[in-house]
Undergrad: 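One structure, as C-alpha cells, below. Some questions next.
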There are 4 protein chains.
Amino acid sequence: MDKVSSTNDNIIKAALKLFSEKGYLGATTREISREAGVSEVTLFRHFPAKEKLLEEVIGKYSFLPALKDLLSEIHDLSYRDALTLIAQRLLDFLVMRKDWIRIMHAEVQRSPESKLHGIFHGLMEEFFNTLAVYFRTMQEKGVLTDFDPTYGARAFHGIFFCYFNMEDVLRRDRYRIADRNKAISEFVTIFVKGTER
Amino acid sequence: MDKVSSTNDNIIKAALKLFSEKGYLGATTREISREAGVSEVTLFRHFPAKEKLLEEVIGKYSFLPALKDLLSEIHDLSYRDALTLIAQRLLDFLVMRKDWIRIMHAEVQRSPESKLHGIFHGLMEEFFNTLAVYFRTMQEKGVLTDFDPTYGARAFHGIFFCYFNMEDVLRRDRYRIADRNKAISEFVTIFVKGTER
Amino acid sequence: MDKVSSTNDNIIKAALKLFSEKGYLGATTREISREAGVSEVTLFRHFPAKEKLLEEVIGKYSFLPALKDLLSEIHDLSYRDALTLIAQRLLDFLVMRKDWIRIMHAEVQRSPESKLHGIFHGLMEEFFNTLAVYFRTMQEKGVLTDFDPTYGARAFHGIFFCYFNMEDVLRRDRYRIADRNKAISEFVTIFVKGTER
Amino acid sequence: MDKVSSTNDNIIKAALKLFSEKGYLGATTREISREAGVSEVTLFRHFPAKEKLLEEVIGKYSFLPALKDLLSEIHDLSYRDALTLIAQRLLDFLVMRKDWIRIMHAEVQRSPESKLHGIFHGLMEEFFNTLAVYFRTMQEKGVLTDFDPTYGARAFHGIFFCYFNMEDVLRRDRYRIADRNKAISEFVTIFVKGTER
DNA sequence: CATGAATGAGTCTTCATTCAT
DNA sequence: AATGAATGAAGACTCATTCAT
C-alpha cells in the first residue's frame, strides 16, 4: 500500500474508532487526525468535510458478502446446526464490526434524513430477506411450520442482536466465549423448537 | 402545579424531546430553553449544567412499576395470553417512552463511565429477572420446558425490542397498529411453541 | 443611547475603521471586536456574519441628503461661487466619509455581484443627475454653453474625486487646508471658463 | 522563450488576473498556481513568497514609456487634437493595464507602508510632470492661459481616470467605443475651452 | 425568579509554506 | 526543475456558561 492510501486508511480507522466511542459530534477532527498520526489539515485534504469522512467510514463495511457465503455453507447441515452456524457468524460479524454498527445506529437516530438511513434500511432489508429465503426453503421441505418467514428472520435477528448489544454495552471487557456458546445454544434451542414442524 | 415546578417541567420535557431527536451533544441549551419557552439563563438556574439536566431527564422515567403491576394481572391467563399481554405492554411502554429510550441508548454508548450506565444496567437486570421469575414459575407448574429462564427473558425482550427499534428508526411515521398485532401474534406463536413442554 | 445600541455602534465604527484600513478580507473579526472593546462572540451576536457587518457598515452612510440641501443653497450665488461651494462640500464629504468611500471602492471591485454594486451604482447615478440638473438649468438661463450636462457632471466629479483620492492615498497626513483652497480655485477656474458661454 | 521563463511568465499572468479580480488577499496561491497550470510548489520555487509575487507583478508594467513617445508625436498637432490623442492613449493604457491598475489601487490602500506606495507615487508624479511640461510649453507659446500646469495635469487626468474607473466598475462588459469617443470629445471640449487663452 | 448581554474555550475549515521524492 | 503530500497558524463561527440588572 502506498503512502497516500495508507494515510487515507489511517484516518478512516481513527474516525471509525472515535466516532464509535464518542459519536459523530463528540469526536473532533483534531482528535481524529491525532489518532491517525497526521495533522488536522491532512485530514481535510483527504476528506473535504467531516460529514464526508463519516460517509466514507460507513460506506467501507458491510456484512452482506459474508452472509451470501454463509447460505451456501449450510445446505448440508441439520436445521439446528445451520441456525447455530448462522448465529455464530452473525455474532462474529457484530463483534468484528462493533464500531461500525455503533456509529450506524447512533447516526441513523441522530439525523434521520441522511444518506445513512437509506444504507441502513437497505442492509437490514437484505439481511431479513436472505434469512427469510432460507426459512421458506425449509418450510417447503416440510421441516418447519408455516410461520411468516420474514417475522421469523426478524425474531432470530432480534434475539442475537440484543444479546450482542447488551453484552457490548454492559460488560464491554468481560465478554467471554463460554457465555457466548451457552447463549447461542439456549437461544437456538428455543428458536428451533418454536419453528420446527 | 406552581410556576417553579411548571418551568422545571417544561425544561425537562423540552430536553427530553431535543435530546432524543438530536442527541445530547446535538441539542444546544439555547434550543432547549427556547423549546421550553424560557430564557437560557433560567435553564441554568434550574439545572446547574447541561449534564445535570440529562441526568434529571433520564432519572424521571422507568418502566419497572408498570411491569410489577403486569405480573399480578397475568396470573389467571393462559401462557399464550400472558405473553401476548406482556408483549403489548412492553411495546406500549417502548412507544410511550420512545424518547427516553433513545436517549438512554445513545448516551450509554457515548459515555460508558457515566451514571447512566449503572441506571441502565440495573433497569435491564431487573426487567430480565422479573420476566425470568415468571418463566420459572411456569416451569415449576410443568407448563414449560426447562430452558434457562434468564436467556428466555432476554430472547423475548430482544425480539420485541428490535422490532420496536426497527419500526421506530425506519418507518417512523408509518407505524401501524395492524402490523403490530400481526407481529405480536407471529412472535408469540414462535416463542410459545419454543418454550412449551 | 442604551447599552445595546452603543455596543452595536462601537462594532460598526470599529469595522468601518478596520475595513477601510485593511480591506474586508484583511480585517479579522477578532481585530474588529477588540477595536470595539467587546468579545468576538458579542460581535457575532450582533451581526450574524462578517458579510452582514459589511453591509451594515456600507448602508450606514450616504452623501445624497447633503447634496439636496446644497442645491437649495446655491440658487442665489454666481456660477463660480456655486461651483466653489459644491466643490468644497464634495471634498468635505469625501474627507469625512473617507473610510466609507475606501471600503466602497475596494469591495465593489472585489465582488462585483454583491449588493454593494447596486448601492454604489445608484449613488453615483443620483449624484451625476443632480449635478446635471443644475447645469441644465444654467444652460437654459443662457449662462452656459450647450455641453452635455451629464458629461459635465462627470468631469467635475472626476477632477475632485481624483484630487481627493491622490491626497488621501499619497500624502495622508500632510493634508493641508491651504493646498486645498488653491486646488479648488484652480480647478474651478478651468471648469468655469470651460463651460461658460 | 525557454521553459523556465515561460513558467515564470504564466505565473505572473495568472497572478495579475487573480489579484485584480479578487484582490491580493482574496486570491490564493493555490488558485494562482492552477490558473498558471503549475503546481503550488513550483510557484514557490519561482517566487519565495506571495508578497514577492505581488511585487513582481506590479513591477512588470508601467505607462511612462508610452507617454514619452506620445509627447514627440503631438508636436505638430493642434491643441485640441493633441489633447484628444493624449486622452485616447491614456484610456487605451488604462484599459490595457486594467488589471494592473486595479491591483495597484487596491494594494496601495491596503498597505500604505509597502513598496508599492513609492512606486505608485513616483509614477503619478512623473505622469503629472510630463503633462505639466506640455502645458507650460503651450503657455509659453501664448496658446494657453496661465493656470498652474500641475493642477491642469491633475484635472485632465482626473476626468479621464474617473471616467475609465466608472465604466470599468459599473458597466464592465458594456464598454463601447462609441460612448468612448463621445466622452473624449465632450471632455476635451470643456478642457480646451477652459484652458485656451 | 427571570433575563438580555457578554464571554473563553473550542468547533470546523483554509491559508501560505515546506518536505521528500 | 517539478510535484503530491504534509503542516502550523490563523480564519469565521458556536458552544455552554456567567454577569448585571
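Here is the naming used below: chain letters follow the sequence lines, and residue numbers restart at 1 for every chain. Below, each value reflects all heavy atoms present in this structure, side chains not excepted, and no hydrogens, waters or symmetry copies.
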Undergrad: Which atom pair, heavy atoms only, marks the closest approach of A:D99 to A:S20?
TA: OD1-OG, 2.9 Å
Undergrad: Do any N or O atoms of the protein come closer than 3.5 Å to N or O atoms of nucleotides 14-16 of chain E, and which pairs are they?
TA:
unit_1 : atom_1 : unit_2 : atom_2 : d
E:dA16 : OP1    : D:K50  : NZ     : 2.8
E:dA16 : OP2    : D:T29  : N      : 3.1
E:dA16 : OP2    : D:T29  : OG1    : 3.2

Undergrad: Between E:dA2 and B:H46, is there an OP1 or OP2 to side-chain N/O distance shorter than 4.0 Å?
TA: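 Yes, within the criterion.
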Undergrad: Do A:Q109 and B:N165 come close enough that some side-chain heavy atom pair is under 4.5 Å?
TA: yes
Undergrad: Expressed in angstrom and rounded to an integer, what is the separation of B:I32 atom CD1 from F:dT17 atom C1'?
TA: 14 Å
Undergrad: Looking only at non-hydrogen atoms, find the nearest pair between B:K50 and B:F44 and report the distance.
TA: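 It is N-CE2, 4.4 Å.
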Undergrad: Can you measure D:F47 atom CZ to E:dT17 atom C1' for me and round it to whole angstrom units?
TA: 16 Å
Undergrad: Just how far, in rounded Å, is P of E:dG10 from CD of A:E31?
TA: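 Answer to the nearest Å: 12 Å.
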Undergrad: Measuring to OP1 and OP2 of F:dT7, would you say a side-chain N or O of A:S39 lies under 4.0 angstrom away?
TA: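 Checking F:dT7 against A:S39, a side-chain N or O does come within under 4.0 Å of OP1 or OP2.
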Undergrad: Is it true that B:D9 and B:K60 make a salt bridge, defined as a side-chain N closer than 4.0 Å to a carboxylate O?
TA: yes
Undergrad: Can you name the nearest heavy-atom pair linking D:F19 to D:A27, along with the distance?
TA: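 Residues D:F19 and D:A27, closest heavy atoms: CD2-CB, 3.8 Å.
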Undergrad: Does E:dA5 have OP1 or OP2 under 4.0 Å away from a side-chain N or O of C:T42?
TA: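 Result: no.
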Undergrad: Please give, in whole Å, the distance from E:dG4 C1' to B:R34 CZ?
TA: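 Between C1' of E:dG4 and CZ of B:R34: 12 Å.
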Undergrad: Given atom CG of A:L43 and atom C1' of F:dA5, what is their separation to the nearest angstrom?
TA: 14 Å
Undergrad: Would you list the pairs meeting salt bridge (Lys or Arg N to Asp or Glu O under 4.0 Å) in which at least one residue belongs to residues 14-24 of chain C, sequence neighbours left out?
TA: C:K17-C:E35, C:K22-C:E31
Undergrad: Would you say a side-chain N or O of B:T7 is under 4.0 Å from OP1 or OP2 of E:dA2?
TA: yes
Undergrad: Considering the options D:I12, D:L16, D:I11, which one meets the side-chain contact (heavy atoms from CB on, under 4.5 Å) requirement together with D:E56?
TA: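 That would be D:I12.
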Undergrad: Both distances under 3.5 Å, Watson-Crick or G-U wobble: on that basis, could you give the dot-bracket string for DNA chain F, with [ ] for crossing pairs and | for other-strand partners?
TA: .||||||||||||||||||||
Undergrad: Closest approach of C:A36 and C:N10, non-hydrogen atoms and distance?
TA: CB-O, 3.6 Å
Undergrad: D:L54 CG to E:dT17 P: how many Å, rounded?
TA: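 Going from D:L54 (CG) to E:dT17 (P), I get 12 Å.
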Undergrad: Atom CG of A:D9 to atom P of F:dA5: distance rounded to whole Å?
TA: 15 Å
Undergrad: In whole Å, I'd like the distance from the CG atom of A:L53 to the C1' atom of E:dT13.
TA: 14 Å
Undergrad: Apply side-chain contact (heavy atoms from CB on, under 4.5 Å) to the pair C:T42 and C:T7, showing each step before the final yes or no.
TA: CA-CA 9 Å; C:T42 298; C:T7 293; 4.0 Å; yes
